[in-house]
4 protein chains.
Amino acid sequence: MTRELTSDLAGIIPPLTTPLTADGDVDTASLERLCGFLLDAGVDGLFVCGSSGEVALLSDAQRAKAIQVAAGAASGQVPVLGGVIDTGTARVVDNALAAQKAGADAVVATPPFYVAPHADEVIRHYRLIAAAVDVPVVAYDIPSATHSPLTRSVVAQLAGEKTVAALKDSSGDLDGFRAHLAANADTGLRVFTGSETMTDVALNLGAHGAVPGLANVDPHGYVRIRQAARVGDWATAASEQERLRRIFAIVDVADRTRIGLTAGALGAFKAAQYLRGVIDTPRCADPLLPLESSEIDAVRTILEREGVLG
Amino acid sequence: MTRELTSDLAGIIPPLTTPLTADGDVDTASLERLCGFLLDAGVDGLFVCGSSGEVALLSDAQRAKAIQVAAGAASGQVPVLGGVIDTGTARVVDNALAAQKAGADAVVATPPFYVAPHADEVIRHYRLIAAAVDVPVVAYDIPSATHSPLTRSVVAQLAGEKTVAALKDSSGDLDGFRAHLAANADTGLRVFTGSETMTDVALNLGAHGAVPGLANVDPHGYVRIRQAARVGDWATAASEQERLRRIFAIVDVADRTRIGLTAGALGAFKAAQYLRGVIDTPRCADPLLPLESSEIDAVRTILEREGVLG
Amino acid sequence: MTRELTSDLAGIIPPLTTPLTADGDVDTASLERLCGFLLDAGVDGLFVCGSSGEVALLSDAQRAKAIQVAAGAASGQVPVLGGVIDTGTARVVDNALAAQKAGADAVVATPPFYVAPHADEVIRHYRLIAAAVDVPVVAYDIPSATHSPLTRSVVAQLAGEKTVAALKDSSGDLDGFRAHLAANADTGLRVFTGSETMTDVALNLGAHGAVPGLANVDPHGYVRIRQAARVGDWATAASEQERLRRIFAIVDVADRTRIGLTAGALGAFKAAQYLRGVIDTPRCADPLLPLESSEIDAVRTILEREGVLG
Amino acid sequence: MTRELTSDLAGIIPPLTTPLTADGDVDTASLERLCGFLLDAGVDGLFVCGSSGEVALLSDAQRAKAIQVAAGAASGQVPVLGGVIDTGTARVVDNALAAQKAGADAVVATPPFYVAPHADEVIRHYRLIAAAVDVPVVAYDIPSATHSPLTRSVVAQLAGEKTVAALKDSSGDLDGFRAHLAANADTGLRVFTGSETMTDVALNLGAHGAVPGLANVDPHGYVRIRQAARVGDWATAASEQERLRRIFAIVDVADRTRIGLTAGALGAFKAAQYLRGVIDTPRCADPLLPLESSEIDAVRTILEREGVLG
């Protein structure tokens, strides 16, 4: 039996970081605290095991645990989306069944990667996933990670036939985003941006919502953009967005000659959550290296300057 | 206790395709036949669950099954290498433990992908894998699939400290390959090319062996190159290689406006194996689309022209 | 003596196509007609010898001729910008002196390309150009053509020291565009988008203007966006932009298995101008192949549907 | 009337650096000395205004001057090839006519770049160039600079119809190089590698010659490879190549956080020529920044270690 989404998928849906303990397990206490922090801020859903959740670095057991904790914390107030990111159909289906069992209200899947699929193979991929699970499937376009872009025509096909219920567009291509909106005016597809820095613009163009990693750090800011957008107060939305753009500079504080792009960005999100007292340690998953204390100080300085830390 | 490789890792080690049944299971009978076909041809090892084995499209259960069958078929005559391709350390370790349990004599791992790791994070990745398993670890450079290249200095570091025992270089960069050979003259690293079309050149430059996908189709040809190379008969090696280069044209017979690059190449390998009577069906894993019968005919024509089919 | 811009650089500045005669010369009569057509529509400047002007395919003599004709047509009513696109500093300077002599009120230059310059070498490039000419220099970021992106810090440095007066951003990266606007709030840099499809958004974000190739085809539409933006009527701007987005589909009518991306896009612009009676032939410069008559018909259909052709 | 090449195009043809005076003119005395140095070493041709000659950074006048000087120095002993690198057909033709007038025995042209041409447009480009000049045309594949690769089928078409006489392949793709050789067994195309580090392998595969930038620094080494290759002494060729590979490390001594890739590589070539007393200053063309003295010392150390400097 198909479980219904607890509400229409819309609004601010943070892609949660996955807090970890010193020995690399999912830190369930911190994750519960994070869920509470986000729900209190008024977010409209929780996306667990996304790119910001270090899904690529979590074991199957860790993925299931993270979804389970978030589903428990949400307890039906808002939908919980579970990322089922993997290279091929059989693997995604296994992930999706586990996510569903763990309590996910929807699953979020990229096209196949590592391989080089044809558009029709991507469509087949999503059809097979949708046939295997009882929850809605969200298509996830993040070519910077997958190198396997979702084209407009593939999305339109999948939306038109109701194979996917929503799109998370993390391509960084706002022109393409606008094209998705135009092409899906009648298909019912829910279109979300993954951009931290153009949420106001995306909502102004007609997006159903946003899935910004920085909402892990300042969910209240994104909720304010959403509220301003609802009443057409775009000046307020833009002003809030500009503040969040300045905060987003935390992803660049790490020394890139020492640690990677992923470690620098996700380490900064976790450092900020740690500084705000939401999670216990800013540790990232193996093999990512941690931010140094001077880099965490640089995160603190930005948060203080922008009024996120008192 | 560390199991030793049954012999020094060297020579022709085909990256086996993974034969599938009509309902998508591993076709164990066909896989056993394929192992026998390759062993009879005189190959020096079996690499299961590599890119040519559609590893990215196989479930965990399918991966373990394929390794188990190959380990049984090899029964210690030649080493069996198990691909443990996954996006992050925890996932690769889980894969590697399963591969080891299934009988792999060595595991083959890429750098992390989907994420963007720093060189030091790649090194850490391999150290954690090596610490978790009892079998040798082979580093696998295939940036066309992972978009996460293995640099010369990372390989030299891993080889020098004995974290990895061998390198499979599928980068297509013969200049870099030659640099790996020079840099590892003293580290003991075993250096293999993944190229189907430059095996003779790679051996002439000093490579320890080759892991060519086309050896699924014509293992005897690659074994002949290896034998000619051993006695310094480079003219024979080149002539055999030229023949194999012409056979390799089968990867381009498929209509790329209809199916993807991966389906076209791996579908052609499987079609050739099917035409030679080695496997029962040329089916690829979901979501790849199959070659059409006219395309299989084109494969047949090439095989006949080059004396592979009678 | 430095010539002043005839007015502040702002608003809609079409990057003119370069009409050609049957034997490949600049069609001066058509070019004059095109200038008149654009000026009548109310554009705020003319950019000659840009990417839409096939600058990369014009000889030095053709470039000078095109600028001369436009300068004559504008006769001081609006500024004429001359593209001086070339691979290195000495070549750009030679181009710029010729453009200045031909009557350009400003010159538009990319970073060096073909070579791989460092940021400090890009800065040096612009300083040397600015020192060599008497007219303002506009920096042009079009990495899809040059593969040599202009970074935010380079632009900010050049703007802060007044080496460049304006930026044409054809990167397609609206997030970066917004960052340029924020970083140059105080430098006086005039920031233009090169996007045909996001002009309304760019103006809403604070852009000084737009340089959209499609303004060759429907300048009135872009002028209407500009007028709506001036009075804060974003709904009208968006509605006009949506219409122009639908017209922009003309760049995709050509069969890409037959002609290239550049020929398809610029050929469509010229076909539309030809169909509107503005230029005499839709010919592109060598070695580009022409649109076929069925493709020109497809352009006509789109123009008729969107009310551009009666 | 078509001028004939002074001899069959074959062997070692260094792509000369362009020595410059302190004020940026072509240093004709140094260039003459460089030509003499190379001719004395026994090279088989001189390629002026190639990528190693900073062609992208030279003005038209500088290009013509450099070709004139080299043609005078060669005075018919060996052919002089003139690079006519530019973005489009009209510009290349203007360059080619000037090169021919300056004394070039052949012209070397890339496909169009900056624009995105179709294969048939690339073919048309070369046909128009060949029709415009009286000297042979050499096709130049250097996608790292042009981002506009020459495909195998385009080369085979141009060779088969005798539009181009030779290919300089600087793609770095030895597999493709081997395919060019196989495809042109009967067309008469002369196939040259642009690789500094795989000249021996290329000759072993059947190349007609090599155009290695490092031959500016150690022409004798490349001539020795060529002589060893002629008599089938591949061990000597490989040993010499290994020495040249170690010398090629000079292109990496520069600090890439300070200067660009082009400046680092070409600056090192010029520094080595300066240290050997061949040219007067190691200056590169604007806007490239110079090597620092510590970097020039590092070049000296490598040259001394490998016996190039006494």
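When reading the values below, keep in mind they use all heavy atoms of this one structure, side chains included, and skip hydrogens, waters and symmetry mates.
Below 30°, between 30° and 60°, or above 60°: for A:F113 and B:F113 the angle between ring planes is above 60°, a perpendicular geometry.
Highest contact tally toward chain B, considering only A:R258, A:E54, A:R256, is held by A:R258 [criterion: heavy-atom pairs under 4.5 Å]. Among A:V55, A:I259, A:D94, A:D120, the residue making the largest number of heavy-atom pairs under 4.5 Å with chain B is A:I259. Between chain B and the residues A:A263, A:A265, A:A116, the most heavy-atom pairs under 4.5 angstrom are made by A:A116.
Both the backbone and the side chain of B:D60 come within contact range of chain A, judged by heavy atoms closer than 4.5 Å. Only the side chain of B:I142 comes within less than 4.5 Å of a heavy atom of chain A; its backbone N, CA, C and O stay farther away. Only the side chain of A:I85 has a heavy atom closer than 4.5 Å to any heavy atom of chain B. Only the side chain of B:Q62 comes within contact range of chain A, with at least one heavy atom under 4.5 Å from a heavy atom of that chain.
Side chains of A:Y114 and B:T110: no donor on one and acceptor on the other come within 3.5 Å.
Taking all atoms of both residues into account, the shortest heavy-atom contact from A:T87 to B:A56 is OG1-O, 2.7 Å.
By the 4.0 Å N-to-carboxylate-O rule, A:D286 lies too far from B:R91 to be salt-bridged with it.
Heavy-atom neighbours of chain A within the stretch residues 124-131 of chain B, taken at a separation under 4.5 angstrom, comprise B:R124, B:H125, B:L128. Residue-level contacts of residues 148-162 of chain B with chain A do not occur; threshold 4.5 Å between heavy atoms.
B:T89 has its side chain out of reach of A:L57: every pair of non-hydrogen atoms, C-beta onward, lies at least 4.5 Å apart. Using a 4.5 Å heavy-atom threshold, the side chains of A:P287 and B:P112 count as touching.
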